[in-house]
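Reviewing the structure listed below.
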Amino acid sequence: MEFKKDFKKDSKMSIRKIAEHLQKHPRAKVIFVIGAGVSTACGIPDFRSPKTGLYHNLSKLNLPYAEAVFDIEYFKENPKPFYTLAKELYPGTFKPAKFHYLMKLFEDEGRLKRIYTQNIDTLERQASVGDEYIIEAHGSFASNHCIGCDKKFPIETFKEKLNEPKANLPLEFDYASCDACESLIKPNIVFFGEGLPEKFFETWDEDLEWLRKEVDEKHLVIVAGTSLTVYPFASLPSEVPSKTARALFNIGLVGDFKSDPRKSDLVFNGSSEDAAQCLIDELGWSEKFEKLINKV
Ligand code: CNA
């Protein structure tokens, strides 16, 4: 019990240190590295949280193993589980969380360098973060293609096809198919067995170079809401130059923060929403934050 209390105190202290750091170094910018945990507050389950995670709830889809829902070979054979999930996760259903708006506020304050997100929910875009700041490492619903002939469809068309009830077909054939060749239409979400977008690798290399070159500006990397288990994304924190401070806002210690912690790491062990609120308070950004929320 005592340990838990101290942990909470340490978490608050970490946020205070981040705020002090940003105030002391006004040219310092932040690179956010995020995952499904920042969107759980919006009602979107993550993958791996026990009891509430998607993998726990996939039994209704009759999958041979949970990850099959994002396996490209499995999708070709049985697209239904993915389409079922896609209907649930489709952009427009959920609203951004405090954490997403905080990242937008970092942009407005000129303190945002980049957001590397594993999320496919597009909530960074919905919080009005500029395109140039967002790297959707695992793709998103924003575009799609036919896996047979590569034809692209407007997102609205895909959405209609996804929701179109095919009354004359048995349920297992209720899938979004291409007008031209009748193959499956797949949003440009990176499945297991597919490569990540080139832009992800190129931008990360550029940003690493920028961190090394501008080491005196004391830029920061904040990792939030991810189990750091899906590679290559999971290796980003370990590649952060040793002279750049890293922070983790997560329920539980994960990845490199656990296996190879650095003395300078700042850890907030708790929800990213609490971390966001704490950081807003410590930075004295409450009023700006309220204004932003009322504007978007
Ligand atoms: P994950 O493996 O499910 O891990 C989530 C992590 O976040 C865990 O360590 C949790 O303890 C932690 N967590 C949960 N809730 C919170 C919270 N409120 N505050 C802080 N931490 C929290 O998810 P990852 O993102 O690491 O895994 C990568 C996969 C998940 C990517 O390929 C995504 O496409 C995929 N995914 C995305 C979404 C989405 O777009 N919102 C939802 C579910 C899965």
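Atoms within each ligand, like the ligands themselves, are counted from 1 in listed order.
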Are Arg114 and Phe32 in a cation-pi setup, meaning NZ or CZ lies under 6.0 angstrom from the ring centre and within 45 degrees of the ring axis?
no
Need the ligand 1 atom indices (1-based, order shown) with element for anything under 4.0 Å from a heavy-atom of Gly35.
25 (O)
Ion pair Lys199/Glu136, N-O distance below 4.0 Å:
no
Give the atom numbers and elements of ligand 1 that come within less than 4.0 Å of a heavy atom of Gly270.
19 (N), 20 (C)
Which of these, Val230, Ile120, Ile34, has its nearest heavy atom closest to atom 40 (O) of ligand 1?
Ile120
Using a 4.0 Å heavy-atom cut-off, say whether Gln118 meets ligand 1 through its side chain, its backbone, both or neither.
both
Of all the non-hydrogen atoms in the protein, which one sits nearest to atom 32 (O) of ligand 1, and at what distance?
His138 ND1, 2.7 Å
Less than 4.0 Å between a side-chain N and a carboxylate O, is that true for Lys258 and Asp256?
no
Which residue and atom name correspond to the protein heavy atom nearest atom 25 (O) of ligand 1, and how close is it?
Ala36 N, 2.8 Å
Name the closest protein heavy atom to atom 19 (N) of ligand 1, giving the residue it belongs to and the distance to 0.1 Å.
Ser272 N, 2.8 Å
Is NZ or CZ of Lys104 both nearer than 6.0 Å to the six-membered ring centre of Phe99 and within 45° of the ring axis?
no
Considering only NZ, NE, NH1 and NH2 on the basic side and carboxylate oxygens on the acidic side, decide whether Arg212 and Glu209 come within less than 4.0 Å.
yes
I need the single residue from Val38, Asn269, Ile18 that forms a side-chain contact (heavy atoms from CB on, under 4.5 Å) with Phe249. Which is it?
Ile18
Against heavy atoms of Ser39, which atoms of ligand 1 measure under 4.0 Å?
41 (N)
Any ion pair linking Lys291 and Asp108 (charged N to carboxylate O, less than 4.0 Å)?
no
Does the pair Glu194/Lys186 count as a salt bridge with the N-to-O cut at 4.0 Å?
yes
Given Ile44, Asn119, Thr40, Asp46, which has its nearest heavy atom closest to atom 5 (C) of ligand 1?
Asp46
min-distance protein heavy atom vs atom 27 (O) of ligand 1 -> Arg48 NH1, 3.5 Å
Just need the protein heavy atom nearest to atom 26 (O) of ligand 1, so name the residue and atom and give the distance.
Thr226 OG1, 2.7 Å
Atom 21 (N) of ligand 1: closest protein heavy atom, distance to 0.1 Å, is Ile251 N, 3.2 Å
Protein residue, atom and distance nearest to atom 41 (N) of ligand 1, heavy-atom basis:
Asp121 OD2, 2.7 Å
Residue pair Gln126 / Lys95, side-chain donor-acceptor N/O under 3.5 Å
no
Judged on heavy-atom distance to atom 12 (C) of ligand 1, which of Asn250, Asn269, Val254 sits nearest?
Asn250
Tell me: protein heavy atom nearest atom 16 (C) of ligand 1, and distance?
Gly37 O, 3.4 Å
Is any side-chain N of the basic residue among Glu214 and Arg27 closer than 4.0 Å to the acidic one's carboxylate O?
no
Quick one: which of Pro91, Gly225, Ser227 has a heavy atom closest to atom 1 (P) of ligand 1?
Ser227
My understanding is that we take every heavy atom of each candidate and find the minimum distance to atom 42 (C) of ligand 1. Doing that for Ala97, Pro45, Gly255, Ala275, which one comes out nearest?
Pro45
Considering only NZ, NE, NH1 and NH2 on the basic side and carboxylate oxygens on the acidic side, decide whether Glu73 and Lys76 come within less than 4.0 Å.
yes
